[in-house]
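Chain identifiers are assigned alphabetically (A, B, ...) following the order of the sequence lines, protein sequences preceding nucleic acid strands; residue numbering begins at 1 within each chain.
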Protein chains: 2
Amino acid sequence: MGGEAKGPDAVPSSSENDLISYAELLFFAYRDFISEPDEILETYGFGRAHHRVLHFVHRTPGLRVAQLLNILKITKQSLARVLKQLIDEGFVTQRAGKMDGRERLLYVTPKGAKLAKELAALQVARIKSALESAGPGTDAGTRRFLFAMISEDEQQHVASLLESSSEPASSDHDPTDQQ
Amino acid sequence: MGGEAKGPDAVPSSSENDLISYAELLFFAYRDFISEPDEILETYGFGRAHHRVLHFVHRTPGLRVAQLLNILKITKQSLARVLKQLIDEGFVTQRAGKMDGRERLLYVTPKGAKLAKELAALQVARIKSALESAGPGTDAGTRRFLFAMISEDEQQHVASLLESSSEPASSDHDPTDQQ
DNA sequence: GAGTTACGTCAGCCATGCTGACATATTTGC
DNA sequence: GCAAATATGTCAGCATGGCTGACGTAACTC
């Protein structure tokens, strides 16, 4: 069981059993990571699905529906349900693209931005505190680990999403066309 | 905003915005982390809930129902549904406790063990590969980070769960059994 | 003008959370 | 020994958020 026999430059080695506990740590960490936002969302009558939509629209103003589907990896119908609620209740707005009128570019309203920030603040606080408690120098490595946990054919998408942060989505195939 | 002013031994500092991308990395990592097992589970007519139950029973033979509820943080009724299926289809068995006959101690059957191992192998492979790709020395730090992401009042429970790995659960009111 | 694309929507199904109430067996305490 | 507490099971019903398939509309492309 303790399959420790590896090449010289392998990871200093977690035994097979330790790696299973990694899976458990991920489970518990994620479970608690979403629990705080969940409580707030409940007071709005929203769920996790709303949070994800609100987050990515907030993060990437002008996001198109198709892009959002790609990010969330859910179906159009699943998205439509929560997106409609967010729009009806004034957290998100749509505007037709100027170049391509079929596109519905998504933006948060001020009200939506406020909620998005409130939720993000909770999670950022937890992450910040976890990084501090994990000790200096943990940041970069953990980031590399999390990124490497993403399926290979998705890593590129995620990388460009992360880079384009706080820039508007290149939604209209025209850099000048925002807002 | 760019709250970089910290004590001298603070984490080398991710900006507020970088910390948000941490949340996204967690989302994507977790999304893909469960996607592979999900596919296999589907062929058995099972879902994630079954996976979690099977995993923790496999990992902690003799687990009691109440302990499982504590780990999963779901209600008895939610658990009952999936547990019943796992029992009915011969993946998990129950035995009454010897000291306390009210307890139903949970064990995986050989069939259950096989499935549990198959699913764990997928996740272990992903973790192993991610650790390698993140570079040597990432392991310990990431582990500390994930642990620190768990809510404080839960960390103790998780810690003792991880330690007791591959030992039978102290199900018969062993003095070391902290609810 | 036909076909494609981006999106919306309707109808309905399934998995997995939830609450509250109640049944049963067993252990514990007086 | 009997009442109360405990561990578990179960019933009925609800909500969220996944899913599929089909179809409609507007706008762009050729």
Side-chain angles (χ1 to χ4, degrees), chain A residues 30-31 34-35 37-39 41-54 57 62-88 92-106 169 171-174, chain B residues 27 30-31 34-35 37-39 41-54 57 62-88 92-106 169 171-173 177 179:
Chain A
Y30 196 78
R31 179 196 68 179
I34 52 182
S35 66
D38 274 4
E39 285 171 28
L41 288 158
E42 211 171 312
T43 71
Y44 290 84
F46 292 152
R48 279 170 212 178
H50 302 85
H51 185 186
R52 295 199 265 263
V53 170
L54 187 62
V57 172
L63 196 64
R64 285 183 295 127
V65 169
Q67 293 176 312
L68 196 44
L69 290 175
N70 245 311
I71 289 171
L72 300 176
K73 294 268 183 281
I74 61 176
T75 58
K76 191 168 46 157
Q77 295 70 18
S78 299
L79 173 59
R81 211 157 21 199
V82 294
L83 183 54
K84 194 173 190 311
Q85 282 179 274
L86 287 168
I87 292 170
D88 287 350
V92 169
T93 53
Q94 293 178 312
R95 281 203 287 282
K98 284 184 185 163
M99 306 298 291
D100 187 336
R102 294 168 302 179
E103 296 176 344
R104 297 284 170 265
L105 310 186
L106 301 171
S171 40
D172 241 350
H173 324 292
D174 175 353
Chain B
F27 165 70
Y30 196 78
R31 179 195 69 181
I34 52 181
S35 67
D38 275 4
E39 285 172 28
L41 288 158
E42 210 172 313
T43 71
Y44 290 83
F46 292 152
R48 282 170 211 178
H50 302 85
H51 184 187
R52 297 199 265 262
V53 170
L54 187 63
V57 172
L63 196 64
R64 285 183 295 129
V65 169
Q67 294 177 313
L68 196 44
L69 291 176
N70 246 313
I71 290 170
L72 301 176
K73 295 267 184 279
I74 60 175
T75 59
K76 190 169 46 159
Q77 295 71 17
S78 298
L79 173 60
R81 210 158 21 200
V82 294
L83 183 54
K84 194 173 192 309
Q85 281 179 275
L86 287 168
I87 291 170
D88 288 350
V92 169
T93 54
Q94 293 178 311
R95 280 202 288 281
K98 282 180 187 165
M99 307 298 290
D100 187 336
R102 291 168 303 180
E103 295 177 344
R104 297 285 171 267
L105 309 185
L106 302 171
S171 37
D172 270 334
H173 293 168
D177 177 14
Q179 161 57 298

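Here the P atom of nucleotide D:dC19 and the CD atom of B:Glu39 are 13 Å apart, to the nearest Å. The distance between atom CG of B:Leu83 and atom P of D:dT8, rounded to the nearest whole Å, is 11 Å. Going from atom CG of A:Leu79 over to atom P of D:dG18 covers 9 Å, rounded to whole Å. Atom pair B:Leu72:CG and C:dT16:P shows a separation of 12 Å (rounding to whole Å applied). The CZ-P distance, from B:Arg64 to C:dT27, rounds to 13 Å in whole Å. Nucleotide C:dT5 holds its C1' atom 8 Å from the CG atom of A:Asp100, rounded to whole Å. The distance between atom CG of B:Leu68 and atom P of C:dG17, rounded to the nearest whole Å, is 11 Å. When the P atom of C:dC14 is taken as reference, atom CG of B:Asp38 falls 18 Å away, rounded to whole Å.
Residue B:Glu42 is out of contact with every strand shown, counting any heavy-atom pair closer than 4.0 Å. Looking at heavy-atom distances under 4.0 Å, B:Gln94 makes contact with sugar-phosphate atoms alone, never a base. Using a 4.0 Å heavy-atom cutoff across all strands shown, B:Arg48 reaches sugar-phosphate atoms only and no base atom.
Which of D:dG9, C:dC7, C:dC18 sits closest to the side chain of B:Ser78 comes down to C:dC18. In the set D:dT10, C:dT16, C:dT19, C:dT19 carries the atom at the smallest distance from any side-chain atom of B:Thr75. Each of C:dT27, D:dT8, C:dC7 was ranked by its minimum atom distance to the side chain of B:Val65; first place goes to D:dT8. Nearest nucleotide to the side chain of A:Gln77, out of C:dC10, D:dT8, D:dA12: C:dC10.
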In sequence, state the C-alpha distance, the side-chain angles, and the governing distance for A:Val57 and A:Leu54, and then conclude on side-chain contact (heavy atoms from CB on, under 4.5 Å). CA-CA 5 Å; A:Val57 172; A:Leu54 187 62; 5.8 Å; no

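Both B:Arg104 and A:Lys73 lie close to DNA chain D; mapped to their nearest nucleotides by heavy-atom distance, the more 5′-ward contact belongs to B:Arg104. Both A:Arg102 and A:Lys84 lie close to DNA chain C; mapped to their nearest nucleotides by heavy-atom distance, the more 5′-ward contact belongs to A:Arg102.
Heavy-atom minimum distance, A:Leu105 versus A:Gly97: CD1-CA, 3.9 Å. Considering all non-hydrogen atoms of both residues, A:Ala96 and A:Gly101 come closest at CB-O, 3.8 Å.
Listed for the A:Arg31 side chain is a donor-acceptor partner under 3.5 Å among the backbone atoms of B:Ile71. No donor-acceptor distance shorter than 3.5 angstrom exists from the side chain of A:Lys84 to the backbone of A:Arg81, with no hydrogens or angles considered.
Between A:His50 and D:dT16, a side-chain N or O to OP1/OP2 separation shorter than 4.0 Å is absent.
For a distance-only test at 3.5 Å, the side chain of A:Arg81 qualifies as a donor-acceptor partner of the base of D:dG18.
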